[in-house]
Amino acid sequence: MKRKMEKSELIFKIIAYTLLIIFAAMCLYPLWYALCCMFSSTEALAKGDVYLWPVDFDVKNLVTVATTNEFWVYYANTLFVTFIGTIWSLVYSILGAYALSKKRLLGRHGWNFFLVFTMWFSAGVIPTFLNYKTTGNIMASIFTFGASSSMGSIDMKWLIVIAMGMNATNIILLRNSFEGVPSEIEEAARIDGATELQVLTKVYIPMSKATIATVALFFGISRWNGYFWAYRMTAAAGQTYSWPVQVYIRDFIENYTVLTKGELGDQYAWAVDAMGGTNATTALVYSMVVFAIIPILIIYPFIQKYFAKGVNMGGVKE
């Protein structure tokens, strides 16, 4: 028998669902607006007629971006940084979290304190930049077998992958998840002759799949959407060809006013030749933004089921 809701409970639910619907609409509208602009004509965008639906349906903007080789080169950079960077970050985050979860680790409390300390106090922009720059010079020296070289002599995508993968929050989530694995299971594995690596790969990782999937999502999104440091380091090395697609889109937006004047050389010649005019480049920007967000929209639903479970398992320590 269904319980009859009281008037106050009904009012609360109506208000709560109304606010939730409004909030969801506010989150979804920017993406919907980008889709509308992508499929609208240049003239409609110039007049400001696009609000809720595509006006004068046109796929020219979509086709232009989809057939531009330059855009896909930067897109490939982002795929590389995201895929390789996520794997790299997961590997050493899992290893670090596993070590920090062990009570037998010498100085365990001190190491955990230093990890949390980095969340409380940041070094700042300038020290971080100098640290990345020094790391790049060291990597360049290693890759050239000690010969005199500068940061610009290596592909900066590797610096983005290797030097920018640390995240204390994700390591803490993994550490707490590993601490929640029953010690009896580990003891049974060791009695059966399992090595330290086998205990990690055969016991801890399978029993922490939800948290690992959540952390992988965090790393993947941060790498995919990463802009500031990727731009800073590639600019410092003079490597525009190593730009992720987000940096490319941002630079494209910043140079609206000179696109039609031909002052940018060949980098954006495809946009000027294909469309011409600032209003047209606005449509191209929305097309590129939609292409840039598609992989996240595809992957997120498959990992979302692990999200709440993974955060709960890794975020709570009894």
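Nothing fancy with the numbering, it's 1 onward along the sequence.
Judged by distance alone, with hydrogens and angles left aside, the side-chain atoms of W72 form a donor-acceptor pair with the main-chain N or O of A66 at under 3.5 Å. Of the possible donor and acceptor atoms, one in the side chain of S101 sits under 3.5 Å from a partner among the backbone N and O of Y98. Remark: side-chain polar atoms of T78 are paired, donor with acceptor, to backbone N or O of V245 under 3.5 angstrom. At distances below 3.5 Å, at least one donor-acceptor pair connects side-chain atoms of S222 with backbone N or O atoms of F219. Without hydrogens or angle criteria, T195 side chain to Q198 main chain gives a donor-acceptor distance under 3.5 Å. Distance alone, capped at 3.5 Å, places no donor-acceptor pair between the D192 side chain and the A194 backbone.
Annotation: ring-ring contact (aromatic ring centres under 6.0 Å, His included) contacts of W53 (sequence neighbours excluded): W32. Residues that satisfy the salt bridge (charged side-chain N to carboxylate O under 4.0 Å, His left out) test with E196, not counting sequence neighbours, are R104, R190. V73 meets the side-chain contact (heavy atoms from CB on, under 4.5 Å) test with no other residue; sequence neighbours excluded. A search for ring-ring contact (aromatic ring centres under 6.0 Å, His included) contacts involving Y17 returns nothing, not counting sequence neighbours. The side-chain contact (heavy atoms from CB on, under 4.5 Å) search around I191 returns none, not counting sequence neighbours. Applying the side-chain contact (heavy atoms from CB on, under 4.5 Å) test to V81 and every residue at least two apart in sequence or in another chain returns K157, I160, R223. Every residue two or more places apart in sequence or in another chain that forms a side chain to side chain donor-acceptor pair (under 3.5 Å) with K102 is listed here: E186, Y204. The side-chain contact (heavy atoms from CB on, under 4.5 Å) test applied to Y51 returns no partner, not counting sequence neighbours. For S242, the side chain to side chain donor-acceptor pair (under 3.5 Å) partners are D155, Q239, not counting sequence neighbours.
If you run ring pair (Phe, Tyr, Trp, His ring centres under 6.0 Å) between F80 and each of Y74, W158, W224, W88, only W158 comes through.
Under the 4.5 angstrom side-chain criterion for Ile, Leu, Val, Met, Phe, Trp and Tyr, the cluster partners of M26 are I22. As a member of the Ile/Leu/Val/Met/Phe/Trp/Tyr network built from side-chain separations under 4.5 Å, I11 groups with I15, L19.
With a 6.0 Å radius and a threshold of 12 heavy atoms from other residues, nucleotides or ligands, F12 has its CZ atom at or below the threshold. More than 12 heavy atoms of other residues, nucleotides or ligands shown are found within 6.0 angstrom of CG on L20. By the 6.0 Å contact criterion, CZ on F83 is open, its count of non-hydrogen atoms from other residues, nucleotides or ligands being 12 or less.
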TODO: Show your working on ring pair (Phe, Tyr, Trp, His ring centres under 6.0 Å) between Y248 and Y75 and close with a plain yes or no.
DONE: CA-CA 9 Å; Y248 179 75; Y75 206 94; over 10 Å; no

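Nearest heavy atom pair, residue N167 against residue N170, reads OD1-N, 3.1 Å.
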Which donor-acceptor pairs under 3.5 Å do side chains of residues 112-119 form with protein atoms, sequence neighbours excluded?
{"residue": "N112", "atom": "OD1", "partner": "R175", "partner atom": "NH1", "Å": "2.6"}
{"residue": "N112", "atom": "ND2", "partner": "R108", "partner atom": "O", "Å": "2.9"}
{"residue": "T118", "atom": "OG1", "partner": "L115", "partner atom": "O", "Å": "2.6"}

